[in-house]
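Let me begin by presenting the structure, written as structure tokens, before commenting on it.
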Amino acid sequence: MAQSDKSSQTMRIDLIPDLPAESQAGKKRLIVATPTQKHRKVGARPGEPVADASDAKYKELLQSLYDAALICDLGGRILDVNVRGLEFLLYTREELAGMTIFDIISGADESLLQMLTENLENERFTLIQAYCVRRDGSYFPAEIAVNRLNLGGMRLCFFVRDITVRRQEQEMLRTEHNALQNAGNGIAVANLDGVLEYVNPATAAMWGAGKPEDLASGDVRGMFCDAEGFGRMISKVIQDHSTWTGEFKARRLDGTEFDVQVSAACNRNSDGEPVGVVFSFVNISDRKRAEMAEREAERHRVMLESLGAACHHLGQPATVLLANLGMIQRKWNIDDEKIRELIQNTIEAAETLGQILHKLNTVNEYRTTKYLDRPDGSDGPENRILQI
């Protein structure tokens, strides 16, 4: 591999203690050094032109860095620090004199320096994810970039960035991701073209997919029976930057259909520009069936009540008709056989009518039966009568 290729690579080291709230640094480590080094203050100019701390450009550059910068010798002893480093670590320059990088990076030891030295032979950067220890014993998560500088002698430069806010945002994103993954409702995100970019497991289960990846990258409109209507809804949400809630008939991968309540909201980037739509799906098939059964039961109840009232009103004239026919049959001597037969048939019909009205008045369950056997075998609602 060419030298330029090696230099372009970056090695990453994770140095995260299990319990950052407790001290992981252990006993303070001291590096054996020459008397000249041992009594030199942080930032002081050594005998040889090592860090050339008196150079104005060097000082200006060091102090203007956004990150905390710690200049150390190859043994890990801190030689110089910028103002940002003092603010981060809460130390004074005098207190940092004689301290090592092991006192700053929790969990670091001599093996870390050995690894850094070997890795930086090719002049590559090394990134360290670690916790740094402040003077008051508190910790903060840090991303540390290490490189080697030749300032008249080889030095290790540690650029420390406090990533507390980033870590909090990552934890929040992780929490939100877990909430989406474990949500009972289906959650999906589509881009402006309606192509699915994210599908949670609940959505996959709702549409009968083995895993979310089976639906991802597909067109969300194809998941619904009325694809055109669903597409119009998406366009309206994006154009109006609004939210929409309604019901659609959906189609599973196996072709079966079910009812879904859909909530759609415009998804916007940090600049407020629409980048797609976020969907929430709830399977309401059971609710729809329950509502339909409830409506049917209410309809039957009203019909039975109406039927009872009708029987009551029809029962009175039927009773009068039967009584009058009986009186005619008993009191008038009618010689005509045909008339007597008509009167008897009418009495029997009136009695049958009374029996039917009685049965209808005692019906407590609305059930229907087929009225006629049609040649084509059809049995529509118009061919059903009340079963008594």
For residues 210-218, tabulate all N or O donor-acceptor pairs below 3.5 Å that involve a side-chain atom, not counting sequence neighbours.
from   : atom 1 : to     : atom 2 : distance (Å)
Lys211 : NZ     : Asp214 : OD1    : 3.4
Asp214 : OD2    : Gly210 : N      : 3.2
Asp214 : OD2    : Lys211 : N      : 3.3

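- Expressed to the nearest 0.5 Å, how far CG of Asn182 lies from CG of Asn200 amounts to 9.0 Å.
- By the 4.5 Å side-chain criterion applied to Ile, Leu, Val, Met, Phe, Trp and Tyr, Leu90 is assigned to no cluster and stands alone.
- At a threshold of 4.5 Å between non-hydrogen side-chain atoms, the residues Met223 and Arg251 do not count as touching.
- The ring-ring contact (aromatic ring centres under 6.0 Å, His included) analysis of residues 163-191, with sequence neighbours excluded, yields no pairs.
- Chaining together hydrophobic side chains whose heavy atoms lie under 4.5 Å apart leaves Val165 on its own.
- Residues Phe258 and Asn283 have side chains in contact (heavy-atom distance under 4.5 Å, counting atoms from C-beta outward).
- Using a 4.5 Å heavy-atom threshold, the side chains of Phe279 and Val260 count as separate.
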Between side-chain atoms of residues 185-193 and protein atoms elsewhere (two or more places apart, or another chain), which donor-acceptor pairs fall under 3.5 Å?
from   : atom 1 : to     : atom 2 : distance (Å)
Asn191 : OD1    : Asp193 : N      : 2.9
Asn191 : OD1    : Gly194 : N      : 3.1
Asn191 : OD1    : Val195 : N      : 2.9

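- Arg174 has a carboxylate O that lies under 4.0 Å from a charged side-chain N of Glu171, or vice versa, which qualifies the two as a salt bridge.
- A donor-acceptor contact shorter than 3.5 Å links the side chain of Ser285 to the backbone of Asp259.
- Checked against salt bridge (charged side-chain N to carboxylate O under 4.0 Å, His left out), Arg232 has no partners two or more places apart in sequence or in another chain.
- For Asp103 and Thr100, the side-chain atoms include at least one donor-acceptor pair closer than 3.5 Å.
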Derivation of the salt bridge (charged side-chain N to carboxylate O under 4.0 Å, His left out) call for Asp80 and Arg155: CA-CA 11 Å; Asp80 204 354; Arg155 294 292 180 258; over 6 Å; no
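- Sorted by first then second residue, the side chain to side chain donor-acceptor pair (under 3.5 Å) pairs that include residues 218-228, not counting sequence neighbours, are Asp219-Arg221.
- Counting heavy atoms from C-beta outward, Leu112 and Ile128 have side chains that approach closer than 4.5 Å.
- Checked against salt bridge (charged side-chain N to carboxylate O under 4.0 Å, His left out), Asp254 has no partners two or more places apart in sequence or in another chain.
- The shortest distance between side-chain heavy atoms of Cys132 and Asp162 does not fall below 4.5 Å.
- Under the rule for a salt bridge (charged side-chain N to carboxylate O under 4.0 Å, His left out), the partners of Arg161 that lie at least two apart in sequence or sit in another chain are Asp67.
- With respect to the salt-bridge test (charged N to carboxylate O, under 4.0 angstrom), the residues Lys236 and Asp240 qualify.
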Hey, can you pull the donor-acceptor pairs under 3.5 Å for the side chains in residues 267-275, sequence neighbours left out?
from   : atom 1 : to     : atom 2 : distance (Å)
Asn269 : OD1    : Asp271 : N      : 3.0
Asn269 : OD1    : Gly272 : N      : 3.1
Asn269 : OD1    : Glu273 : N      : 2.9

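- Partners of Glu247 according to the salt bridge (charged side-chain N to carboxylate O under 4.0 Å, His left out) rule, which considers only residues two or more places apart in sequence or in another chain, are Arg287, Lys288.
- Residues passing the ring-ring contact (aromatic ring centres under 6.0 Å, His included) test with Phe248, sequence neighbours excluded: Phe224, Phe230, Trp244.
- You'll find the side chain of Pro141 reaches within 4.5 Å of the side chain of Arg167, heavy atoms only.
- A heavy-atom distance below 4.5 Å is found between the side chains of Leu156 and Phe158.
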